[in-house]
Undergrad: 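Just passing along the structure, written as structure tokens.
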There are 4 protein chains.
Amino acid sequence: MAEDRPLRADARRNRALLLQVAKTAFASDGLSVPLDEIARRAGVGPGTLYRHFPTKEALFEAVVHERLRQLVDDARALRSADDAGAALLGFIDRLVAEAAAKRDLVDALAGADIDITTTVAATAADLRSEIGHLLVRAQRCNTIRSDIGIADLMAIVSGILSAVQPRFNDRADPERVLAVLHDGLQATPRDRGGRDQRE
Amino acid sequence: MAEDRPLRADARRNRALLLQVAKTAFASDGLSVPLDEIARRAGVGPGTLYRHFPTKEALFEAVVHERLRQLVDDARALRSADDAGAALLGFIDRLVAEAAAKRDLVDALAGADIDITTTVAATAADLRSEIGHLLVRAQRCNTIRSDIGIADLMAIVSGILSAVQPRFNDRADPERVLAVLHDGLQATPRDRGGRDQRE
Amino acid sequence: MAEDRPLRADARRNRALLLQVAKTAFASDGLSVPLDEIARRAGVGPGTLYRHFPTKEALFEAVVHERLRQLVDDARALRSADDAGAALLGFIDRLVAEAAAKRDLVDALAGADIDITTTVAATAADLRSEIGHLLVRAQRCNTIRSDIGIADLMAIVSGILSAVQPRFNDRADPERVLAVLHDGLQATPRDRGGRDQRE
Amino acid sequence: MAEDRPLRADARRNRALLLQVAKTAFASDGLSVPLDEIARRAGVGPGTLYRHFPTKEALFEAVVHERLRQLVDDARALRSADDAGAALLGFIDRLVAEAAAKRDLVDALAGADIDITTTVAATAADLRSEIGHLLVRAQRCNTIRSDIGIADLMAIVSGILSAVQPRFNDRADPERVLAVLHDGLQATPRDRGGRDQRE
DNA sequence: GATGAATGAGCATTCATTCAT
DNA sequence: AATGAATGAATGCTCATTCAT
């Protein structure tokens with residue numbers, strides 16, 4: 001069961017610190033932030049950064065990966081929720097609220113110019129799968145419109161997430177944006193009576 | 001007193017060519033494309049590029065500016081449309097369709113890491129204003145929900161635009177995404193009867 | 001016949017200067033000399049060096065290539081020599097004399113740790129071919145022993161060249177080393193009477 | 001007053017292991033092999049390597065030193081050989097055969113870019129001295145030409161050694177190379193009758 | 001003694017910008 | 001005006017060496 005090396009205490013601390021610093025740095029300055037800068041902010045030499053993350057891409061991936069893993073855990077916890085529709089919308093609401101406050105999530109979901117490798121892709125697929133579960137259940141109980149798939153939902157949500165980012169958005173109100181999203185996603189209009197409501 | 005002379009014919013041609021090439025290059029490779037590469041593709045020396053656009057930022061702004069001006073013109077043409085709601089939604093549909101096909105628009109609207117300066121901001125404000133006109137008219141004739149403002153709409157639309165980009169989106173169907181957006185934006189549910197529809 | 005771009009006068013001057021400086025630098029300090037150092041010695045920025053030679057390997061290859069080309073020319077001039085044996089030995093003598101004075105030749109022939117690419121390999125093959133001509137002719141007129149091939153000769157000569165390098169050699173006398181080489185190469189002993197001379 | 005304590009058993013084992021690994025590593029990859037790599041191959045931490053060999057240069061020197069000591073021992077064993085000429089030539093033949101098979105010897109003798117310090121120099125001088133003995137004796141019994149000195153011989157031999165290295169030599173036949181060397185070194189031609197043999 | 005994490009100077013390479021031709 | 005060569009600061013990465021555990 002060789003646990004991938006237990007890492008010394010100081011090394012683990014540094015690794016976590018670097019991840020944290022990198023997350024913040026990427027979030028505020030984008031991918032263009034120099035690695036030396038991240039190392040400096042973490043108070044370590046560039047070589048230490050290199051020891052933990054052998055390329056810039058690896059560091060970015062680690063940041064994204066960790067974020068995705070949190071989301072997967074959160075989504076998984078909702079599997080057993082009574083009201084699937086509420087669970088899904090609540091999950092999305094929380095994502096949006098967080099994205100409106102900070103700035104890392106979007107890069108995590110959108111991917112920038114760096115190739116996301118298999119490892120991260122697997123976790124991303126996990127997230128998609130978990131949200132897919134919620135979606136299907138919510139569609140079954142007629143809360144969410146049944147004509148969209150998980151790919152559509154992921155695209156819409158990640159779009160909304162970037163829309164509410166503080167960087168690009170001075171005045172939009174996340175609450176109102178969410179209201180539009182909720183209404184667009186809900187099952188009622190088309191599922192109850194088709195598109196005739198516009199008459 | 002540089003009196004903004006009308007430029008020699010070849011100079012004007014070069015400027016237009018560079019803008020075109022830069023637009024394509026930024027669209028396909030992002031902002032990281034080297035200026036030398038753009039100059040090469042346009043068949044001119046980097047010095048020539050520099051003569052027309054003194055910094056990379058200036059070039060990018062010019063590209064964005066031109067794109068925005070086109071959009072402003074398009075939106076303005078809809079001022080006199082009979083059906084303001086249809087005009088607005090149609091305009092958005094076209095934006096989405098284009099974004100789903102190419103890749104420049106989002107960078108133009110989202111702005112990446114480069115600061116958009118006053119010049120471009122003015123045109124961006126024009127666009128916002130034109131779309132705002134359409135929004136207000138569509139809200140007055142009860143086609144678009146009245147609880148959102150232009151800032152909300154711009155945010156949502158630019159989010160959706162990035163969502164349907166070919167780069168980040170393999171499987172989402174622009175049509176279904178638009179269906180959600182339409183339903184989310186439409187006036188009916190809440191304006192006709194408030195939120196009681198879910199009962 | 002697009003002549004590979006005629007290059008501007010200053011560019012050609014810089015290219016030649018860089019080659020010259022690099023040759024000297026590699027010769028005296030080996031491949032480990034930093035490119036910045038070469039650029040500095042040439043009085044140009046590292047970017048200029050990069051413009052002419054996009055990688056360190058390319059620069060090294062260019063240096064080697066040029067040297068080899070000179071040798072090929074020199075060897076080719078001997079094709080029509082009356083006395084092939086004297087021509088060959090004279091050519092080798094000159095190589096040894098130069099190697100004993102400077103230090104680039106050996107790296108040129110020995111190749112260090114950098115992979116020599118096709119271009120240089122072709123010129124190296126040319127050199128081998130030219131020397132091979134001289135060898136065969138010298139063997140035909142019974143001046144050089146007939147039991148060795150061009151590969152053997154090249155190995156021996158390049159070995160001798162490194163042997164007389166000032167770097168590794170404080171006290172060996174190039175003249176005496178050459179005497180050994182001459183006697184070892186000459187046809188007489190074995191070709192006249194085989195190995196019975198040792199009796 | 002570090003009194004050169006006899007070292008703990010495991011320390012001695014580690015030292016020997018590191019030397020062995022370093023020899024192989026330098027031989028196959030040259031001096032550019034990272035110390036971390038050597039430590040890894042030996043299964044120890046870089047700190048351990050450092051304890052035994054305080055600098056890279058020290059490690060390299062130790063490797064060379066050991067190799068030279070072996071050679072000195074081998075050469076010394078030939079002091080009492082009956083036929084000094086055969087002993088010398090046989091010794092050289094063995095060196096060449098080994099160099100043609102592996103790749104460490106030449107670096108050991110040639111020295112690359114690292115300065116060989118006094119310690120190694122002393123052993124190298126020992127080797128030179130031992131071979132010098134053989135040379136003088138062989139010259140006295142008229143087997144080896146008398147016009148060359150030990151410096152000449154060392155240079156020639158080390159040159160030949162690099163010539164037959166597998167790295168630089170695809171097709172040269174060590175046997176034929178040795179034949180040339182033997183004929184070049186033998187006493188006969190000039191010592192018996194001067195240079196008149198060419199008539 | 002051993003370990004392996006940390007250090008940080010140093011390197012090859014890139015590219016926005018400037019300027020001689 | 002155009003050209004394209006030159007500039008040089010900046011960046012990602014390496015690795016010999018040091019030091020805390």
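The sequence lines fix the lettering, A, B, ..., with proteins before strands; numbering per chain opens at 1. Because only heavy atoms are used, hydrogens play no part in the values below, and waters and symmetry mates are left out as well, while side chains stay in.
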Undergrad: Could you state the atom-to-atom distance from NE2 of D:H52 to C1' of F:dT17 in whole Å?
TA: 16 Å
Undergrad: Does anything in residues 39-50 of chain A form a salt bridge (Lys or Arg N to Asp or Glu O under 4.0 Å)? List the pairs, not counting sequence neighbours.
TA: A:D29-A:R41, A:E37-A:R40, A:E37-A:R41
Undergrad: Check this one for me: any side-chain N or O of D:N14 less than 4.0 Å away from OP1 or OP2 of E:dG1?
TA: no
Undergrad: Measure from NZ on B:K56 to P on E:dT14 and round the result to the nearest Å.
TA: 15 Å
Undergrad: Can you run through DNA chain F from 5' to 3' and write each base as (, ), [, ], | or . depending on how it pairs? Watson-Crick or G-U wobble, both distances under 3.5 Å.
TA: .||||||||||||||||||||
Undergrad: Can you give me the closest heavy-atom contact between C:K56 and C:L31, atom names plus distance?
TA: NZ-O, 2.8 Å
Undergrad: Check nucleotides 19-21 of chain E against the protein and report each pair of N or O atoms closer than 3.5 Å, with its distance, or say if there are none.
TA:
none

Undergrad: Applying side chain to side chain donor-acceptor pair (under 3.5 Å), name anything that partners A:D10, two or more places apart in sequence or on another chain.
TA: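 Residues passing side chain to side chain donor-acceptor pair (under 3.5 Å) with A:D10: A:R8.
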Undergrad: Taking atom types as they are modelled, is there a donor-acceptor pair under 3.5 Å from the base of F:dA2 to the side chain of B:R51?
TA: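 Such a pair does not exist between side chain and base.
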Undergrad: Provide, to the nearest angstrom, the distance between the CG atom belonging to A:L17 and the C1' atom belonging to E:dA5.
TA: 14 Å
Undergrad: Suppose we screen for side chain to side chain donor-acceptor pair (under 3.5 Å). Which residues come up paired with D:R51, at least two apart in sequence or across chains?
TA: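 None.
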Undergrad: E:dA5, OP1 or OP2 - any side-chain N/O from A:T48 closer than 4.0 Å?
TA: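 Indeed not, no polar side-chain atom of A:T48 lies that close.
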Undergrad: Between B:T55 and D:L49, which is nearer to the 5' end of DNA chain E once each is assigned its nearest nucleotide?
TA: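 Final value for this comparison: D:L49.
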Undergrad: Got a sec, which residues hit side chain to side chain donor-acceptor pair (under 3.5 Å) with D:Q20, two or more places apart in sequence or on another chain?
TA: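 D:T24.
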Undergrad: Could you state the CD-C1' distance from C:E57 to E:dT13, rounded to the nearest angstrom?
TA: 14 Å
Undergrad: Between D:I38 and D:V33, which heavy-atom pair has the shortest distance, and what is it?
TA: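 Distance-wise, the nearest heavy atoms are CD1-CG1, 4.0 Å.
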Undergrad: Under the side chain to side chain contact (heavy atoms under 4.5 Å, CB included) test, which residues partner D:A62, sequence neighbours left out?
TA: D:L19, D:F53
Undergrad: Between atom CZ in A:R12 and atom C1' in E:dG4, what is the gap in whole Å?
TA: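 Atom CZ in A:R12 sits about 15 Å away from atom C1' in E:dG4.
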Undergrad: For DNA chain E, which residues of residues 33-45 of chain B approach it to below 4.0 angstrom with any heavy atom?
TA: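 Nucleic-acid contacts, sorted: B:P34, B:L35.
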Undergrad: Could you state the atom-to-atom distance from CZ of B:F53 to P of E:dC15 in whole Å?
TA: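 Atom-to-atom, B:F53 to E:dC15, this comes out as 21 Å.
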Undergrad: Applying side chain to side chain contact (heavy atoms under 4.5 Å, CB included), name anything that partners D:Y50, two or more places apart in sequence or on another chain.
TA: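 If we apply the side chain to side chain contact (heavy atoms under 4.5 Å, CB included) test to D:Y50, skipping adjacent residues, the hits are D:P54.
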Undergrad: A:T123: which residues meet the side chain to side chain donor-acceptor pair (under 3.5 Å) condition with it, sequence neighbours left out?
TA: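 Residues passing side chain to side chain donor-acceptor pair (under 3.5 Å) with A:T123: A:H65.
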Undergrad: Quick one: list whatever passes side chain to side chain contact (heavy atoms under 4.5 Å, CB included) with C:A124, sequence neighbours left out.
TA: C:L68
Undergrad: Give the rounded distance in Å between these two atoms: CZ of A:R15 and P of E:dG4.
TA: 18 Å
Undergrad: Taking side chain to side chain contact (heavy atoms under 4.5 Å, CB included) as the definition, give me every residue that meets it alongside B:A122, ordered by chain and number, with sequence neighbours left out.
TA: none
